Amino acid sequence: MISPPSSPPQSIEELEELANQICGFTIGELAQAAGVTIPTHLKHHKGFAGQIIELYLGAEAGSKPVPDFEHLGVELKTLPVSDKGSAIESTFVCTAPLTPEPFVTFETSHLFNKLKQVLWIPLVTYKNQPWVERIVGPGHIWRPDTVEKQLLKQDWEELTEILLTGHVQDLNASLGQVLQIRPKAASSRVKKQTLDEDGKSIQVNPKGFYLRAAFTTKIIKQKFMCG
DNA sequence: TAATGATCATCT
DNA sequence: AGATGATCATTA
């Protein structure tokens with residue numbers, strides 16, 4: 001049986017090798033082999049699958065606002081996909097600053113820093129199957145191509161402009177072609193102080209950047225179309 | 001408190 | 001069924 005590595009991968013190649021080794025196993029099998037207690041419901045353990053994958057790929061646990069494999073510049077994302085290869089959920093990228101710093105560009109943004117290089121791990125989910133049966137699919141490193149980068153940049157600039165000008169309250173998830181901003185908090189009752197368009201202090205629900213499922217579906221399918 | 005890992009629940 | 005808004009656990 002397979003077991004988690006004792007140290008983080010030192011190169012992209014090592015990371016890809018680790019990803020290859022867990023391909024084909026289910027989340028339940030990996031958790032069991034690692035001696036991790038398997039929760040009954042995902043509702044109270046939404047990050048469980050992601051954390052198991054982190055364990056097997058040698059990612060450092062933690063909540064730092066930097067890529068998972070900082071020394072490699074690689075961010076790790078698990079993505080639940082249907083048996084047809086479509087993303088089932090949107091993908092959280094990072095917290096959206098309610099008051100972005102002026103002069104930060106897309107290229108220097110926290111968001112792009114995380115999306116420069118992503119190791120996508122598809123988790124194949126069949127309908128009505130328990131989530132522990134999700135199968136680890138073939139992982140691959142993705143770097144946004146010219147078109148993808150331009151789409152991300154457009155959306156980021158549009159959304160950041162709204163934040164910069166204090167129109168946070170006008171934001172909703174329908175904005176953005178490939179990116180969107182949605183609530184990211186323990187509940188809608190959680191509030192954070194910021195300023196509105198007139199510079200008046202207001203309280204709003206914290207937000208995060210998410211990649212739309214249609215966008216991540218294309219990324220995952222590229223792997224199978226181009227090899 | 002604010003960042004990480006995300007999925008849940010509801011509405012259209 | 002897809003999209004939007006709400007929510008859950010954990011760590012520093």
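Letters go in sequence order (proteins before strands), and every chain restarts at 1. Model, not experiment: these values are computed from the prediction.
Once rounded to the nearest 0.5 Å, the distance linking CD1 of I121(A) with OG1 of T78(A) reads 8.5 Å. Here Q150(A) contributes atom CD and Q177(A) contributes atom CD; the two are 10.0 Å apart, rounded to the nearest 0.5 Å.
Heavy atoms of E75(A) sit under 4.0 angstrom from primed sugar atoms or phosphate atoms, though from no base atom. Looking at heavy-atom distances under 4.0 Å, K77(A) makes contact with sugar-phosphate atoms alone, never a base. Residue K114(A) is classed as a sugar-phosphate contact, given heavy-atom separations below 4.0 Å to backbone atoms only. Within the nucleic acid shown, H110(A) comes within 4.0 Å of sugar-phosphate atoms alone, with no base atom in reach, counting heavy atoms only.
Salt bridge annotation for E75(A)-K116(A): absent, with no cationic side-chain nitrogen under 4.0 angstrom from a carboxylate oxygen.
Taking side-chain N and O atoms only, K64(A) has no distance below 4.0 Å to OP1 or OP2 of dA2(B). Regarding contacts with the backbone of dA9(C), every side-chain N or O of H45(A) stays at 4.0 angstrom or more from both OP1 and OP2. Within the 4.0 Å cut-off from OP1 or OP2 of dT4(C), not a single side-chain nitrogen or oxygen of S90(A) is found. Taking side-chain N and O atoms only, R189(A) has no distance below 4.0 Å to OP1 or OP2 of dA6(C). Applying the 4.0 Å criterion to OP1 and OP2 of dT7(C), one finds that S188(A) has a side-chain N or O inside that range. Side-chain N/O atoms of R134(A) include one lying less than 4.0 angstrom from OP1 or OP2 on dT7(B). Phosphate proximity of dT4(C) to Q180(A): present, with a side-chain N or O under 4.0 Å from OP1 or OP2. The phosphate of dA9(B) has OP1 or OP2 within less than 4.0 Å of a side-chain N or O from K43(A).
Comparing E89(A) and A185(A) by the nucleotide of DNA chain C whose heavy atom lies nearest to each, the residue mapping closer to the 5' end is E89(A). A residue-by-residue look at N205(A) and A214(A) shows that A214(A) has its nearest nucleotide of DNA chain C further toward the 5' end.
Using a 4.0 Å cut-off on heavy atoms, none of the residues of residues 20-27 of chain A approach DNA chain B.
As a whole-Å value, the separation of F92(A) CZ from dA6(C) C1' is 14 Å.
For the residue pair E158(A) / Q154(A), no side-chain donor-acceptor distance below 3.5 Å is found, with atom types taken as modelled.
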